[in-house]
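All residue numbers refer to positions in the sequence shown, counting from 1. All heavy atoms count here, side chains included; hydrogens, waters and symmetry mates do not.
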Amino acid sequence: MGAEAAVRFTVNGEAREVETDPDRTLLDVLREDLGLPGTKYGCGEGQCGACSVLVEGRRMNACRTAVSKVEGRSVVTIEGLAKGDELHPVQRAFLEENAYQCGFCTAGMIVAAVALLEANPAPSDDEIAAGMDRNLCRCCSYPKIVKAVRRAVELTGGGAR
Ligand code: FES
Ligand code: FES
């Protein structure tokens with residue numbers, strides 16, 4: 001462990017400051033220090049995408065991101081996607097399509113889909129597969145996940161908000 005330092009960044013629109021070893025992972029800080037357990041620890045090695053978050057709108061694996069790397073940046077987690085009681089369209093789509101079994105991968109899948117639709121509001125099935133290929137589902141719910149992303153495209157009229 002290195003010396004502690006203050007790291008400041010925005011999480012789900014709120015300015016946060018943590019006093020921590022700057023080499024700790026963003027995932028640990030989100031879950032353990034900031035009370036945001038929605039982002040999951042799967043492999044811890046950048047292989048499964050369960051820990052996906054948005055950093056400046058881009059999907060990143062929080063398990064492989066030192067918290068110091070997000071200093072001054074904007075991080076959005078699964079907890080930050082809904083607006084009050086209104087779910088994000090991608091969240092609605094996953095619910096409508098029952099696109100999960102155990103649900104462990106779901107937060108990461110939803111975050112990855114949000115990033116995908118931000119970059120490409122009307123992806124083809126091949127583009128959905130390519131855009132989601134860093135996220136693994138050990139329950140093999142992939143067909144339903146692809147359906148959910150297609151449904152999210154419909155809900156957003158071809159453009160995620
Ligand atoms: S927990 Fe981060 S990629 Fe698997
Ligand atoms: S629903 Fe179980 S890991 Fe994807």
Check: Thinking salt bridges, do D33 and R16 make one under a 4.0 Å N-O criterion?
Finding: no
Margin query: If I compare all heavy atoms of T39 with all of S52, which pair ends up nearest, and what's the gap?
Written below: CG2-O, 4.1 Å
Next item on the list: Applying side chain to side chain contact (heavy atoms under 4.5 Å, CB included), run through L136 and Y142 and close with a yes or a no.
Entry: CA-CA 9 Å; L136 303 182; Y142 297 113; 4.0 Å; yes
Next item on the list: Answer yes or no: is there a donor N or O on one side and an acceptor on the other, between the side chain of D21 and the main chain of E4, under 3.5 Å?
Entry: no
Identify all side-chain donor-acceptor contacts of residues 99-111 below 3.5 Å with residues at least two apart in sequence or on another chain.
unit_1: Q101; atom_1: NE2; unit_2: C139; atom_2: O; d: 3.0
unit_1: Q101; atom_1: NE2; unit_2: S141; atom_2: OG; d: 3.4
unit_1: T106; atom_1: OG1; unit_2: G103; atom_2: O; d: 3.1

Note to self: According to side-chain hydrogen bond (donor to acceptor under 3.5 Å, both in side chains), who are the partners of R151, at least two apart in sequence or on a separate chain?
What the structure shows: E96, E154
Next item on the list: Take C137 and I145, measure what side chain to side chain contact (heavy atoms under 4.5 Å, CB included) needs, and give me the verdict at the end.
Entry: CA-CA 9 Å; C137 174; I145 290 167; 4.2 Å; yes
Give every donor-acceptor pair under 3.5 Å between a side-chain atom in residues 121-131 and any protein atom, sequence neighbours left out.
unit_1: S124; atom_1: OG; unit_2: E127; atom_2: N; d: 3.1
unit_1: S124; atom_1: OG; unit_2: E127; atom_2: OE1; d: 3.4
unit_1: D125; atom_1: OD1; unit_2: R150; atom_2: NE; d: 2.8
unit_1: D125; atom_1: OD2; unit_2: R150; atom_2: NE; d: 3.4
unit_1: D125; atom_1: OD2; unit_2: R150; atom_2: NH2; d: 2.9
unit_1: E127; atom_1: OE1; unit_2: N120; atom_2: ND2; d: 3.1
unit_1: E127; atom_1: OE1; unit_2: S124; atom_2: N; d: 2.9

Check: Looking at C63 and T25, what are the two nearest heavy atoms and their distance?
Finding: O-CG2, 3.4 Å
Notebook entry, point to check: For the atom pair CD (E97) and CZ (R92), what is the distance rounded to the nearest 0.5 Å?
Noted result: 12.0 Å
Next item on the list: Taking side-chain hydrogen bond (donor to acceptor under 3.5 Å, both in side chains) as the test, write out the residues that go with E17, two or more places apart.
Entry: R8
Check: Which residues, ordered by chain and number, are linked to V67 in its hydrophobic cluster, where ILVMFWY side chains connect at heavy-atom gaps below 4.5 Å, directly or through other members?
Finding: V7, F9, V11, V18, L26, V29, L30, L34, L36, V53, V55, M60, V70, V75
Next item on the list: Side-chain contact test, heavy atoms from C-beta onward, threshold under 4.5 Å: evaluate it for F94 versus L87 and give yes or no.
Entry: no
Next item on the list: Tell me yes or no: between the side chains of R134 and N61, is some donor less than 3.5 Å from an acceptor?
Entry: no
Check: Is there any side chain to side chain donor-acceptor pair (under 3.5 Å) pair reaching into residues 69-81, and which pairs are they, with sequence neighbours excluded?
Finding: N12-T77, T77-E79
Notebook entry, point to check: Is a donor on one side and an acceptor on the other found under 3.5 Å between the side chain of R31 and the backbone of P37?
Noted result: yes
